[in-house]
Protein chains: 2
Amino acid sequence: MVTLAEVARHAGVSASTVSYVLSGKRPISGPTRERVRASIERLGYQPHAGARALASSRSRIIALMVPLRTDMYVPVMLEIAVAVATTARAHGYDVLLLTGEEGPPALRRVTGSGLAEAVILMDVQLDDGRLPVLRGSAPPAVLVGLPADPAGLNCVDLDFAAAGALCVDHLAGLGHREIAVVGGSPGVYARHTGFAERTLCGLRERAGHLGVGLLHRPCDGSHDAVAGVLARILDERPGVSAFVVQNETAVEPLLALLRRTGRAVPEDVSVVAVCPEAVAAQASVPLTSVAIPAQELGRRAVERLFARLTDPGGPDATGVELLAPVLTVRESSGPPPARPVTGRRAGTPSPPGA
Amino acid sequence: MVTLAEVARHAGVSASTVSYVLSGKRPISGPTRERVRASIERLGYQPHAGARALASSRSRIIALMVPLRTDMYVPVMLEIAVAVATTARAHGYDVLLLTGEEGPPALRRVTGSGLAEAVILMDVQLDDGRLPVLRGSAPPAVLVGLPADPAGLNCVDLDFAAAGALCVDHLAGLGHREIAVVGGSPGVYARHTGFAERTLCGLRERAGHLGVGLLHRPCDGSHDAVAGVLARILDERPGVSAFVVQNETAVEPLLALLRRTGRAVPEDVSVVAVCPEAVAAQASVPLTSVAIPAQELGRRAVERLFARLTDPGGPDATGVELLAPVLTVRESSGPPPARPVTGRRAGTPSPPGA
DNA sequence: GGACCACGTCGAAGCGCTTCGATTTCCTCG
DNA sequence: CGAGGAAATCGAAGCGCTTCGACGTGGTCC
């Protein structure tokens, strides 16, 4: 391994000079700088990360805690993670991957040992167990998500409440009076995952305002689960003419089931999703949807983190940033039918023979 | 920040004694050990990662390079990544997240700077640009995937060729004589991604042996793309009675389309998938499938890496490990119909009005 | 023309840890 | 009963880097 000292010797200067060429923290004359650069290149020198971290007490690493669970939003999670890594690299930082499983101790470990300078947390729950470690500003942190009490925390998220409201606005504007919400898996609600609850609040609040009926059902992503939930919804509220879906994996099953039971989208029922653009655009009926801007979330999280690392008093150094939701109208939403569709209309394939 | 020296002072011993208590590399008497442990606890001491890495020249970090692309197998990738992180932690290591985007320089950077001791690569292509950096054993590395020439490399993967053969065996055993393969997106093949090509080889080879017709078509995951591919397949080879799908996102669209065109699964056509268990089990028709053991792959990759770090001459320290594929029969495969189904049989919903 | 000030460079002192003798103490054995 | 050795501990020398004060050197100012 090539060391700073060897580069210095090769270039005929002192070690500190090489260091200053690298960091630019003191002026070095043009010729010297070039000579040093040449030696670095020539010897293939790479500064030792550990030594650097020790001497400067900055590791140039941030930790990213991703949920271990796989019951929700997997592609979104990966997309955020990749965006975080990419953005961090652009700032000269690397990213350490932590699984949610390890919980608060992992945060203490990586920050307490100086391994990571700061952390980004995903999949934040309303009353997250990791929050106490972060309150105040023990280790600098940014949450992707919004807990119940964000005081003293730095958070970025999509404004899911506004997203919910937007969906209701859109559908109510088209004339729908009864809306059903197909939510994430029950576990998501049981854990009080922020985004799910907030969407629901937004939906309910706006529906209440507009006098629109709203029925919410959590739902697993399996075809059978969707079938069950759909049947129950149609049974309880035959007047439902629109669905809001907040569950990527339930989208296709729902569309398939509606089709199979003779309900045309959007002529008979409208469907609006809260999901990534890619999912909405690729669905069997291109979906009117509120996008989940995964990449943007990852990017902003890192940027807020660096804003805070550089200037702890700056505007982005604390507080909550909610990205405004955008609803894109595609082909899955339209006015409700003149007369509600109450039952099946077209044939289905004959049941499997034995 | 609490240092080793402070712990030593607090416990009334020398710094080296504390270090030996921590590492266990020299015997320390019971009482002393306890006293030191108490001081560590009391002061909340955490060893400084950088200092440790510098002194021992071991960072206790491995790098994981995940593909940036999102055109394929996203949930599988995340699952592997999480398994890698979890397994590495069990060995006392942390995981650095690298995106494929940075390519070979990133590998040089993290290993050359001593940041990571070793690397794990995902999404390996047959002639991967990152391989030259790894040949021989410059930095210890394990690939999840299999390049064209694995000489001198350490690889783990599902035996996709065997998986392909297994699918053909199963279908041919049921009596099918014409099989269509719905593959990954065209980009996957254009990049010569190992697993896709290997599956295809396995399929072709076995089909050739058994005298079964095989038609392969790459396919994007969007509903429209699947519709196009399906139409072309049925047009070219009306005799096709079975499909092998190696594309998670194409599974539901395919099932929906078959249903819509009046082809019952498995009565009229059989479908076999190469995909994660969860996808197969949750599909609208539970799929006969060859599982992609994402977790197992991540786990084995890390274990091989540590085998190599501990004993460079050991059995797992080099070479290729291919996991045997397992085909699980579910409800989507059965004997072909007595007479081939050549066209649509049942009605579809009327086309959308303007 | 001597005092002063950048500018560019060097030397040395750590950063917090590991690790290798060296040292001390206490047994054990012939 | 003294030599030899094992067990337990200490001290010091780095690991490779950053950073601070010091030190020439040349130009500028009155």
Side-chain angles (χ1 to χ4, degrees), chain A residues 1-40 43-61 92 94 109-117, chain B residues 1-40 43-61 92 94 109-117:
Chain A
M1 188 194 174
V2 187
T3 68
L4 224 210
E6 300 179 49
V7 173
R9 200 177 322 130
H10 186 270
V13 298
S14 76
S16 49
T17 300
V18 177
S19 180
Y20 287 124
V21 167
L22 251 21
S23 70
K25 293 192 178 174
R26 281 198 184 175
I28 299 291
S29 71
T32 307
R33 205 185 313 131
E34 283 320 310
R35 206 143 33 85
V36 170
R37 290 228 174 101
S39 297
I40 288 176
L43 303 178
Y45 168 69
Q46 294 206 257
H48 187 281
R52 216 167 220 207
L54 176 57
S56 66
S57 45
R58 300 187 44 198
S59 64
R60 306 200 145 266
I61 289 180
D94 272 296
R109 186 173 60 79
V110 300
T111 58
S113 68
L115 218 195
E117 293 176 34
Chain B
M1 189 193 173
V2 187
T3 69
L4 224 209
E6 300 179 49
V7 173
R9 201 177 321 130
H10 185 271
V13 299
S14 76
S16 50
T17 300
V18 178
S19 179
Y20 286 125
V21 167
L22 253 21
S23 70
K25 293 192 178 173
R26 281 198 186 176
I28 299 291
S29 71
T32 307
R33 206 185 313 130
E34 284 319 310
R35 204 143 34 83
V36 170
R37 290 231 173 98
S39 297
I40 288 176
L43 302 178
Y45 168 70
Q46 295 207 253
H48 187 282
R52 211 166 226 210
L54 176 57
S56 65
S57 45
R58 300 187 44 197
S59 64
R60 307 200 146 267
I61 290 179
D94 272 297
R109 186 172 58 80
V110 299
T111 57
S113 67
L115 217 195
E117 292 177 35

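Computed from a predicted structure; not experimentally measured. Below, read A as the first sequence line, B as the second, and so on, with proteins coming before strands; counting in each chain starts at 1.
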* Asked: Roughly, in whole Å, what's the span from CZ in B:R58 to C1' in C:dT19?
  -> 14 Å
* Asked: Between A:R52 (CZ) and C:dG16 (P), how many Å, whole number?
  -> 18 Å
* Asked: D:dA7 C1' sits how many Å from B:R33 CZ, rounded?
  -> 12 Å
* Asked: Nearest to the side chain of A:S16, which nucleotide is it out of D:dC17, C:dA12, C:dC17?
  -> C:dA12
* Touch class at under 4.0 angstrom, heavy-atom based, for B:T3 against every strand present -> sugar-phosphate
* To do: Looking only at side-chain atoms of B:S19, point me to the closest of C:dT19, D:dC15, D:dC17.
  => C:dT19
* Rounded to the Å, how far apart are A:R35 CZ and C:dC10 C1'? -> 14 Å
* Heavy-atom side-chain proximity of A:V13 to A:V21 below 4.5 angstrom -> no
* To do: Determine the contact category for A:T32: base if any of its heavy atoms lies under 4.0 Å from a base atom, sugar-phosphate if only primed atoms, P, OP1 or OP2 are that close, otherwise nothing.
  => sugar-phosphate
* **Nucleotide C:dC17, atom P - distance to CZ of B:R60 in whole Å** => 15 Å
* Asked: Choosing from D:dT9, C:dG8, C:dC17, which nucleotide comes nearest the side chain of B:A51?
  -> C:dC17
* To do: Indicate, yes or no, whether a donor-acceptor pair under 3.5 Å links the base of C:dC20 to the side chain of B:Y20.
  => yes
* Is the base of C:dT9 touched by the side chain of A:R26 through a donor-acceptor pair closer than 3.5 angstrom? -> yes
* Interatomic distance, A:R9 CZ vs C:dC10 P [rounded to whole Å] -> 14 Å
* Between the base of C:dG8 and the side chain of A:S29, is there a donor-acceptor distance below 3.5 Å? -> no
* Asked: Can you find a donor-acceptor N/O pair under 3.5 angstrom joining the side chain of B:S14 to the base of D:dG11?
  -> no
* Asked: Hey, is B:R9 close enough to B:E6 for a salt bridge, meaning N to O under 4.0 Å?
  -> no
* Comparing A:M1 and B:G30 on DNA chain D - which has the more 5′ nearest nucleotide -> B:G30
* Atom NE2 of A:H48 to atom P of C:dC17: distance rounded to whole Å? -> 16 Å
* Taking every non-hydrogen atom, the tightest pair across A:M1 and B:G112 -> CE-O, 4.0 Å
* To do: Please report, rounded to the nearest Å, how far the C1' atom of D:dC15 is from the CG atom of A:L54.
  => 9 Å
* What distance separates B:L4 CG from B:L43 CG, expressed to the nearest 0.5 Å? -> 11.0 Å
* To do: Please tell me which of the listed nucleotides, D:dC17, D:dT19, C:dG8, lies nearest to the side chain of A:K25?
  => D:dT19
* **B:L115 versus B:I61, closest heavy-atom pair with distance** => O-CB, 3.5 Å
